[in-house]
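Only one structure is covered here, and it is reproduced in the block below.
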There are 2 protein chains.
Amino acid sequence: MLEAKREGISEEVREVAKKEGVSEKKLRELVAKGRTVVLGEGKRACGVGESLSTKINANVGTSEDYHSLKEELTKVRVAAKAGADAVMDLSMVKPHETLKAIVKASPIPVGTVPVYGAFACRGIDGISEDRMLNEIEKHIELGADFLTIHAAVLREGVELARKRTIKMVSRGGGFLASWMLHNEKENPLYTNFDYILELLAKNDTVISIGDALRPGCIADGGDGAQLHELKVQGELVKRAHAKNVQVICEGPGHMALDKIGENVRLQKKLCGGAPYYVLGPLVTDIAPGYDHITAAIGGTVAAAAGADFLCVVTPSEHLAFPTVEDVRDGVIATKIAAHAADIVKGRGEWKDLELSKARAKLDWEKQFEIAIDPERAKKYFKRKKSNSKACSMCGKYCAMRIMEEVL
Amino acid sequence: MLEAKREGISEEVREVAKKEGVSEKKLRELVAKGRTVVLGEGKRACGVGESLSTKINANVGTSEDYHSLKEELTKVRVAAKAGADAVMDLSMVKPHETLKAIVKASPIPVGTVPVYGAFACRGIDGISEDRMLNEIEKHIELGADFLTIHAAVLREGVELARKRTIKMVSRGGGFLASWMLHNEKENPLYTNFDYILELLAKNDTVISIGDALRPGCIADGGDGAQLHELKVQGELVKRAHAKNVQVICEGPGHMALDKIGENVRLQKKLCGGAPYYVLGPLVTDIAPGYDHITAAIGGTVAAAAGADFLCVVTPSEHLAFPTVEDVRDGVIATKIAAHAADIVKGRGEWKDLELSKARAKLDWEKQFEIAIDPERAKKYFKRKKSNSKACSMCGKYCAMRIMEEVL
């Protein structure tokens with residue numbers, strides 16, 4: 001960010017400008033203003049924010065109940081292949097070993113949540129502030145490109161959550177809130193924020209300010225606790241920019257469809273246009289088993305309204321630790337949301353046009369080539385083939401075929 | 001509709017008012033004004049339109065390449081069980097036999113598209129106008145509760161479609177356009193519209209005015225051809241209401257997310273507030289194999305903006321004749337869209353609240369009970385169980401559990 005402010009074009013800005021088809025000058029300006037960030041180094045660099053296509057992140061990482069390093073590495077590979085732009089390692093078991101292996105294996109930028117490691121290794125309420133800060137330093141050392149730091153959840157915010165239907169759904173936020181209440185102290189990630197910024201600035205690691213108080217159900221969407229944290233995020237964004245640390249803000253969560261656009265506009269306003277990274281939003285609570293769909297609905301609306309980065313939600317959300325297949329299903333659904341929003345943002349519509357031209361000609365190979373998931377499209381097509389050139393839904397009565405002939 | 005205009009409360013109005021929790025008087029007024037329609041008879045009656053919850057329709061029916069009556073009847077049963085509010089039989093092979101069996105078996109109202117039968121039985125360009133009208137009479141006789149009649153696609157509209165990327169995707173529309181061009185005549189369903197209304201009025205069959213020119217790709221969304229047909233729909237709605245025929249209008253199709261709300265508001269304005277029945281809208285063309293998701297995204301936005309009736313799109317859309325499983329997947333995705341929109345409409349949010357209260361308590365049985373698809377939620381939960389009471393995603397580190405304890 002410092003280099004961008006000094007009007008220098010880094011290798012990463014050059015790389016991202018090329019990938020996105022925007023000018024290096026424009027991208028540099030956006031990075032200098034903090035409206036766009038660049039995650040990762042060299043060829044792996046990925047731009048997130050204003051004037052760029054919507055990006056998606058897939059979560060991986062070991063859990064207390066399931067922890068196979070091999071499986072998590074498979075998830076990274078599968079997610080990247082299916083179109084994820086970044087992965088976050090949320091490991092609770094062997095967090096350092098896993099992060100190291102993922103950073104080595106991943107073709108896309110890697111994020112982490114250092115408080116997970118800090119708390120998982122040592123229990124919740126008894127750990128020291130230094131332990132939390134050391135863990136951040138360790139994750140930077142291990143090569144993470146961006147870190148979620150839940151610095152915006154304060155004691156006042158936690159108090160506001162008391163009246164909620166579901167008080168808190170953020171794992172990192174839960175650890176911190178528990179620690180704050182037990183120790184009767186303010187959030188150490190907030191009180192030590194300047195020191196954390198120094199750590200991040202050294203390696204140009206991007207900070208993603210967590211949203212510990214994101215609403216976990218429709219009833220809590222847009223409540224006082226959520227807004228309290230968003231305001232604190234706005235303050236922290238300014239402090240990060242002043243220290244030349246690139247910053248992203250994290251957002252909800254569960255929200256009714258009609259509240260999403262407003263929330264995105266508010267985040268942009270309060271946080272100086274910093275990139276917005278949303279988990280969903282999930283537009284209903286009653287579809288466990290299908291939350292990749294509820295999140296794709298909210299994610300499309302959020303990204304069309306200006307959100308920049310969508311976190312993958314898998315079908316097993318709220319129910320179980322995700323399998324490799326769940327991660328893939330989630331990536332595809334989120335990819336659909338990002339692309340549908342990019343059409344609104346004026347980016348990527350050429351793909352729809354190309355596929356539709358091929359569709360009108362019943363050129364199946366070309367359609368599969370452009371499709372978001374060629375393998376699945378082929379599988380469906382081949383499962384029930386028509387005796388005509390059209391698909392078996394209408395067969396010889398295909399309206400596209402008839403109209404191409406008669407018009 | 002005549003009875004409602006005369007301030008009479010029919011058995012069906014009573015039934016729907018009870019199901020929806022609205023007053024009989026209010027519903028009667030809405031039916032009299034044509035802002036709400038009642039499909040079906042007796043206990044099977046289903047309300048569609050203003051002040052009611054969003055309804056969904058699942059398509060079934062034989063195709064040229066696949067035609068098993070047994071399988072189509074299974075689809076009806078499965079769709080109704082999964083939450084469909086109506087089914088449409090789109091059979092191209094043995095249309096009468098199939099319709100008769102479906103009407104007999106279906107626990108929910110049944111719609112059809114009579115031109116399919118007319119053209120499929122006799123070839124496209126050579127059939128007489130009488131043949132088309134007789135087929136409508138036949139479908140009414142066989143007990144269909146609502147009929148799609150593509151009366152609003154005129155020669156002028158077809159001409160406007162010439163410049164499109166995909167000229168036409170409506171099967172019924174394709175037949176009629178081909179017939180009009182070949183015979184150099186106006187659409188017989190338009191020229192004979194008053195006669196058709198007489199047929200429909202006799203049995204109180206609802207007309208669903210087809211949208212033959214619905215855009216089949218993002219590039220064609222909101223074009224002149226689509227708007228031309230929508231204006232004609234508006235004219236036909238007035239004529240139907242004048243003859244006491246209940247009427248629904250059909251809508252798109254493929255449209256970019258930011259055009260959907262505008263389209264719904266325009267339909268409501270041009271068509272006197274008549275119920276709007278949309279197929280999607282699909283918010284991208286590039287996700288064949290996942291069009292239940294692209295349609296759920298657009299469907300949520302459409303219904304939240306005022307659309308009343310969502311047509312199920314299955315994952316095999318654009319690729320193949322759907323299987324029973326595809327129909328079920330489509331129903332669930334569409335159900336999610338309808339429910340998420342109903343939250344915006346101020347209906348049904350209590351379900352989200354109940355599920356979320358159970359979620360905060362980690363009461364799994366209660367969550368499954370309220371979930372849109374209890375079987376799938378259970379399957380995911382059981383696949384990877386935690387050693388704790390929480391799910392295996394966070395296990396003992398579940399933020400909900402921690403916060404319930406500490407707050």
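Order of the sequence lines sets the chain letters (A, B, ...), proteins ahead of strands, with each chain counted from 1. Hydrogens, waters and symmetry mates are skipped; everything else that's a heavy atom, side chains included, is used.
A heavy-atom distance below 4.5 Å is found between the side chains of A:W364 and B:L319.
For the atom pair CE (B:M403) and OG (A:S178), the distance works out to 7.5 Å, reported to the nearest 0.5 Å. Within the model, atoms CG of B:D373 and CD1 of A:I286 stand 11.0 Å from one another, a figure rounded to the nearest 0.5 Å. One finds the OG atom of B:S356 at 7.0 Å from the NE2 atom of A:H254 (value rounded to the nearest 0.5 Å). Between the NZ atom of A:K379 and the OG atom of B:S316 there is a distance of 11.5 Å, given to the nearest 0.5 Å. Atom CD1 of A:I402 and atom CZ of B:R171 lie 9.5 Å apart (nearest 0.5 Å). Here the CE atom belonging to A:M393 is positioned 12.5 Å from the CG atom belonging to B:D65, to the nearest 0.5 angstrom.
Heavy atoms closer than 4.5 Å to chain B are found in both the backbone and the side chain of A:L257. Interface remark: A:L407 contributes backbone and side-chain atoms alike to the contact with chain B (heavy atom separation under 4.5 Å).
Ion pairing of A:D326 with B:R383 is present here, as a side-chain N (NZ or NE/NH1/NH2) and a carboxylate O approach within less than 4.0 Å.
For B:Y116 and A:Y397, the ring centers are positioned 6.0 Å apart or more.
Top candidate by heavy-atom pairs under 4.5 Å with chain B, chosen from A:P374, A:A296, A:A177, A:C398, is A:A296. Among A:V283, A:D352, A:I372, A:N387, the residue making the largest number of heavy-atom pairs under 4.5 Å with chain B is A:D352.
With hydrogens and angles disregarded, a donor-acceptor distance shorter than 3.5 Å links the side chain of A:S392 to the backbone of B:F321.
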